[in-house]
Every structure is written in structure tokens, then in C-alpha cells.
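The next block holds one structure in the form of C-alpha cells; read it before the comments.
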2 protein chains.
Amino acid sequence: MRKTKEEAQKTKETILMAALDCFSDQGYFNTSLDDIAKAAEVTRGAVYWHFSNKPEIFDALHDSLHESFIEMITKDLERDSSEPLRQLEELIIKLLKDLERNETKTRTLKLFYHCDYSGDLNQFKQKHQDNKYKSLQLMSSYFQRAQQKGQLNKTAEPEILTLTLHCFLKGILYEHLNGSTLININSHAERLIKQLFNGLNDCHASLGCKGNS
Amino acid sequence: MRKTKEEAQKTKETILMAALDCFSDQGYFNTSLDDIAKAAEVTRGAVYWHFSNKPEIFDALHDSLHESFIEMITKDLERDSSEPLRQLEELIIKLLKDLERNETKTRTLKLFYHCDYSGDLNQFKQKHQDNKYKSLQLMSSYFQRAQQKGQLNKTAEPEILTLTLHCFLKGILYEHLNGSTLININSHAERLIKQLFNGLNDCHASLGCKGNS
DNA sequence: TTGACAACATACATGCATGTATGTATAATT
DNA sequence: AATTATACATACATGCATGTATGTTGTCAA
């Protein structure tokens, strides 16, 4: 019965992926640990050995996705483009298309868009929210760079711009992940993003911003 | 024990509001019918008398909110403003501020942003999504009017514009309802909306749209 | 006014999910 | 080579949520 350490690590990841499958199909609250165990072709004993309970499995899934995001953005920020706004625009589209290709990421992300933190997941609410803020702060640095390079009106507020982008992205992802027929990343997302950035450029570029009270 | 019809209708609504309270506090899946009954100061017998099960309570909450939204938009559409885009902008802000005031609506809406339709709620997924599309169609008619009045470039696509607005709104609401400290409707939402509409105007007004491939 | 039915309350049966305790075989350690 | 701890599987106890069946009281209709 006893497996080698590598094998044990492998079954742990098998359990994680099985959990993701179950959560995606039936939802977090509708999946029992036994469901996960059966999907991973182990028993609940194995699950309880690697994780203390269901919320911890959820948290493990979160971590893997978040680390991946942070890494992609951080690496992109190492390159100091002459046009930070265009760089950001390209990054966003790249992230979206990466999501579309990687089904594991898509399903994981979908989890966090529809999960209810008011139950047993409440213990992780703050942590996951903090992690989201970290990604946001990274985003805002693009706008700061653009402002420093004089490509953004001085009255523009990077925070507001980041929020705008963030809300917009959230909406797109929400619809896309929801399996909505409204949005198809290949045909729509790129145009939506471009439209948003056009708005930002036109509004904040050289002239003053017209409508902000 | 037997109550009059009016009293019965009242307890039914009491149960609905109690359910909303419970769902908001503990989440849909973490509330039992007994929780709801206790919150409404009745027994589970009363709950089972008025509703066949928990999903049906959820659906009843949905209906009340949706009807309210459709009514507000439909009434606004009766007025044929000379500037449909500005009219839409004002409507959005009005809707947001109405939401902020009406806590029942806020909590109900929050339910549907975080609910997981993959479980026992799956039976209502299609219906609720269809209802969402209805509101979206109403929104797009503002853009169509603007286009007819020549206030929107002829190459602009009302559907894409509606999607843009919808995604953006979704993001704002998601953050706001999530209790995010990032967004405060009073101080932020109005500016965010104005910024978005500035983008639309600048991009699609008289000149051609620059960046759309 | 009296039956019939509505509007619940109470009681019961069932199943499932959780957590833990214990068993076991084998890898790692010495 | 013997021991120990690991990596699970199995078994058990518990509690809770659901659904239904039945009881009870008052209302309304005739």
C-alpha cells in the first residue's frame, strides 16, 4: 500500500484535479469528499490524508491559479515597453486567450466567480480577496508608467483606470465563464478590450478629460 | 391555527424575507429550511406549505427582483429622449443608486451573482438566463435609438456596445455587492459610468471608429 | 351551524456527509 | 534486518437536512 513520495505527490494532484472536475460539474457545495475520492479513484482516507477538509482543497486550487497569474503579469512587467498602455492591452488579450486554451485554468477561475464565501469558505475570504488586490496593483503600474511617459493626462487617476479595466474584465470573464452565448473570447473579447482602450486613449490622451466632474 | 387568506399571504412573504436574510448571511447552500423557518418564526411545516422546496424559494426571490428591473427600464423607455445615450447613462446611474438605497434589492441581486446553478438550482438556470437577456435587449434599444438619430456612427454595432456596457456593469456590481472596499457607488460608480460613456462617444460619435479591426 | 378544507405544527423515517478511529502494507530509516 | 513512520483503505459513530405523514385548529362556504 505504501507509495513512494513521488507517487504520493502524484495522487495528491490527482485528487486536486478530481476535485476541480467535481466542483465544476456539480458545484462546490454539492460535491462530497466521497465524490472527489471516487473521481480520483481513491478512498476518502486518501483525501483526508492529503487535505484536512473540503475548504482546504478549495484553497489549494486557488493558490495554484493565483500563482500562475501573478507570474505572468510579473514577467510581463519586466519588459519596459515604450507604450505601456498598448503593452497592457496586449497582456490582457494574451491572458484571455491563455485562459481559453487552458481548460484547467478556466474551470478553476470559474470556481471563484461563483463561489459563496459566506459558508465554510469564509475562513479564506480575506486571503483570496487580498490576492486579488495584489494582481490589481500590478495592473495599475502600467497606467503609472504611461503617466510617467506623458502618455496619459496628468489629471487621470491610475486607480480609477485600473478599476475601470478590472470591472470590465470581470464582466467579460463572468459572462464567458458562465457559458454565456453572448461572449466568445475569440470573436468578441479582443474587440471589447480594444474598444475600452480606445475610450481610455481618447479621453485621457492629450486633451483634458471632458466629462469627469 | 388556521389564518385568514391575507394573513397567509403575509406569512408567505415573511418566509421569503427570512429566506433572503438567511441566504445573505450564510449562503444558499448553508441554510436549511429550518433556519428559514426559525428566522420567520414559523415551523418547517409552514415553509413546506407555501413552497415545495428550497430551490423554489430561490426562484421566487428571483422573480420579484427581475420584475422590478424590467418595470423600471420599460417605464424609462416610454420617454423618447432626444439624446438616448445620455438617457441611458442617467438610467444606469439611477438604477445603481436605487440599488444602493434598497437593501432588499441589493441582497437579492447579490444572491444571483454568487449563486451556483450547477446543483439543485440547475432547473432554473435557463429561465434566469433568459430573463437576463430580456433586460439586455431593452438596454440595446437605447443604442439603436441613438443610431437612428444619427448620434452614433453607422458602423457601430449596438450589440457590441450593449455587451460592453453589460460587462462593465456586471463588474461594478460584482465588486460592489461583494462588499469590496474598492468601489463605493456614491463616489465611484458615477465617474466610472461617465468615463465609459465618454469612451463610447469619442469612439463612435461623428468620426469613424479608429481601432476596431 | 356544520362539514370541509385551508394553514399550519408536530412527529417520524430516511439518507447522506462528515470526521475519526483503526487496520495494513510498504517505503524509508537506522 | 528490524523498526518506524508513511500512505493510504476500511469501519464506525454522529448529526443534520430533507421529505412526508399525520395531527390540530380555525375559517369559510353552503
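Per chain, numbering begins at 1; letters A, B, ... match sequence-line order.
Within the structure, the side chain to side chain donor-acceptor pair (under 3.5 Å) test picks out the following pairs touching residues 65-77 of chain A (sequence neighbours left out): S68(A)-K105(A), D76(A)-Q87(A), D76(A)-Y142(A). Residue pairs meeting the ring-ring contact (aromatic ring centres under 6.0 Å, His included) criterion with at least one partner in residues 72-97 of chain B, sequence neighbours excluded, do not occur; the list is empty. Note on residues 12-23 of chain B: pairs passing side chain to side chain donor-acceptor pair (under 3.5 Å), not counting sequence neighbours, are D21(B)-R107(B). Among residues at least two apart or in separate chains, ring-ring contact (aromatic ring centres under 6.0 Å, His included) pairs with a member in residues 9-36 of chain B are F29(A)-F29(B), F23(B)-Y28(B), Y28(B)-F58(B).
Scanning residues 42-59 of chain B for heavy-atom distances under 4.0 Å to DNA chain C yields V42(B), T43(B), G45(B), A46(B), W49(B), H50(B). Only T4(B), listed by number, bring a heavy atom of residues 4-14 of chain B to less than 4.0 angstrom from any atom of DNA chain D. Residues of residues 16-26 of chain A having a heavy atom closer than 4.0 Å to DNA chain C: none are found.
Each of K170(B), K127(B), Q137(B) was compared with K132(B) under the side-chain contact (heavy atoms from CB on, under 4.5 Å) criterion, and only K170(B) meets it.
Residue E103(A) places its CD atom among 12 or fewer non-hydrogen atoms of other residues, nucleotides or ligands, all under 6.0 Å distant.
Contacts of F124(B) classified as ring-ring contact (aromatic ring centres under 6.0 Å, His included), with partners at least two apart in sequence or in another chain: H128(B). Scored by the side chain to side chain donor-acceptor pair (under 3.5 Å) test, T104(A) finds no partners at all (sequence neighbours excluded). For K54(A), there are no salt bridge (Lys or Arg N to Asp or Glu O under 4.0 Å) partners at least two apart in sequence or on another chain. D80(A) pairs by the salt bridge (Lys or Arg N to Asp or Glu O under 4.0 Å) definition with R145(A), K149(A), not counting sequence neighbours.
Interface remark: the R2(B) side chain does not form any donor-acceptor pair with the dT25(D) base, using a distance-only criterion of under 3.5 Å.
Between D120(A) atom CG and dT18(C) atom P there is a gap of 9 Å when expressed in whole angstrom units. When the P atom of dA11(D) is taken as reference, atom CG of D34(A) falls 14 Å away, rounded to whole Å. Regarding F29(A), its CZ atom lies at a distance of 18 Å from the P atom of dC16(D), rounded to whole Å. Whole-Å rounding puts the D35(B) CG to dG15(D) P distance at 18 Å. Distance, L33(B) CG to dG19(D) P: 7 Å, rounded to whole Å. The distance between atom CD of E41(A) and atom C1' of dC8(D), rounded to the nearest whole Å, is 15 Å.
Between dT6(D) and K3(A), no contact under 4.0 Å exists linking OP1 or OP2 to a side-chain N or O.
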Residues 35-50 of chain B side chain polar contacts: donor-acceptor under 3.5 Å, at least two apart:
residue: D35(B); atom: OD2; partner: S32(B); partner atom: N; Å: 3.0
residue: D35(B); atom: OD2; partner: S32(B); partner atom: OG; Å: 3.3
residue: K38(B); atom: NZ; partner: D34(B); partner atom: OD2; Å: 3.2
residue: T43(B); atom: OG1; partner: G45(B); partner atom: N; Å: 3.3
residue: H50(B); atom: NE2; partner: T11(B); partner atom: OG1; Å: 3.4

